[in-house]
Amino acid sequence: MVSQVQSEILYFRGEFDKALEIAVMQRDVARGRPADTLLLLYVIFRCYLAMGNAQEAEQCMIEIIKVSKTSPECIAPYQVVRGWANLTTGWSGDNPRFYDD
């Protein structure tokens, strides 16, 4: 839990590389605990997006989908993650939305 919070704090401070490092390490430890894994993948996903690494972000989203399909307790959190991704990236299948302001 401490590492999860630490990676979130680092992400929000803009220290994406450090947040990513901690989240990846914790994800490996959390294997077998789907809810924890999904939360860590969400941090990893956001870090990849913030760092401009779309390929890794896409692979991370695929991993998030796999976790949610195999673990019913992860469906609701997945919907939150997907809603955030759709809103911020336009990955909903629609054309991305661009605003001038």
Side-chain angles (χ1 to χ4, degrees):
M1 179 64 83
V2 171
S3 293
Q4 171 72 28
V5 171
Q6 185 179 17
S7 64
E8 289 284 353
I9 290 169
L10 290 168
Y11 169 81
F12 284 108
R13 287 179 53 185
E15 298 180 49
F16 307 121
D17 53 341
K18 292 178 185 176
L20 180 63
E21 182 181 336
I22 290 170
V24 167
M25 187 173 39
Q26 277 305 113
R27 179 197 57 194
D28 295 339
V29 172
R31 295 270 185 217
R33 295 190 320 265
D36 292 341
T37 299
L38 189 123
L39 290 173
L40 291 161
L41 287 169
Y42 183 40
V43 175
I44 294 167
F45 174 73
R46 289 180 290 145
C47 287
Y48 283 138
L49 286 179
M51 296 167 75
N53 192 335
Q55 277 187 306
E56 290 296 332
E58 182 180 18
Q59 290 304 311
C60 192
M61 181 55 77
I62 290 169
E63 195 171 343
I64 290 170
I65 292 167
K66 288 178 183 177
V67 170
S68 70
K69 284 186 174 186
T70 59
S71 305
E73 72 270 19
C74 292
I75 292 172
Y78 163 73
Q79 291 171 338
V80 171
V81 169
R82 192 60 193 205
W84 181 88
N86 290 348
L87 179 66
T88 59
T89 66
W91 284 8
S92 64
D94 296 337
N95 290 330
R97 292 158 185 85
F98 298 97
Y99 298 97
D100 293 331
D101 55 346

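- Pairs passing the salt bridge (Lys or Arg N to Asp or Glu O under 4.0 Å) check and including a residue from residues 2-20, sequence neighbours excluded, read E8-R46, R13-E15, E15-K18.
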- Hey, mind stepping through Q4 and V43 against side chain to side chain contact (heavy atoms under 4.5 Å, CB included) and telling me if it holds? CA-CA 9 Å; Q4 171 72 28; V43 175; 3.7 Å; yes

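- Not a single side chain to side chain contact (heavy atoms under 4.5 Å, CB included) links E21 to another residue, sequence neighbours left out.
- The ring pair (Phe, Tyr, Trp, His ring centres under 6.0 Å) test applied to F16 returns Y11, not counting sequence neighbours.
- Separating the CD atom in Q59 from the CG atom in L41 is a distance of 12.0 Å, to the nearest 0.5 Å.
- Residues C60 and F45 approach most closely at SG-N, 3.6 Å, considering heavy atoms.
- In the hydrophobic clustering of this structure, L49 does not group with L39; members are Ile, Leu, Val, Met, Phe, Trp, Tyr whose side-chain heavy atoms approach within less than 4.5 Å, directly or through other members.
- Of all non-hydrogen atoms in L40 and A30, the two that sit nearest each other are CD1-CB, 3.8 Å.
- Applying the side-chain hydrogen bond (donor to acceptor under 3.5 Å, both in side chains) test to pairs two or more places apart or on separate chains, those with a residue in residues 26-42 are R31-E63, R33-D36.
- Residues I22 make up the rest of the hydrophobic cluster containing L10, defined by ILVMFWY side-chain heavy atoms closer than 4.5 Å, directly or through other members.
- The OH atom of Y78 sits 8.5 Å away from atom CD1 of I64, with the distance rounded to the nearest 0.5 Å.
- Here L20 pairs with V24, I44, C47, Y48, M51 under the side chain to side chain contact (heavy atoms under 4.5 Å, CB included) rule; sequence neighbours left out.
- With sequence neighbours left out, the side chain to side chain contact (heavy atoms under 4.5 Å, CB included) criterion links I75 to Q79.
- Taking the side chain to side chain contact (heavy atoms under 4.5 Å, CB included) definition, one finds that P34 meets it with V67, S71, E73, C74, sequence neighbours left out.
- M61 and W84 fall within the same hydrophobic cluster, where Ile, Leu, Val, Met, Phe, Trp and Tyr residues are linked whenever their side-chain heavy atoms come under 4.5 Å apart, directly or through other members.
- Evaluation of the side chain to side chain donor-acceptor pair (under 3.5 Å) rule for K66 yields no partner, not counting sequence neighbours.
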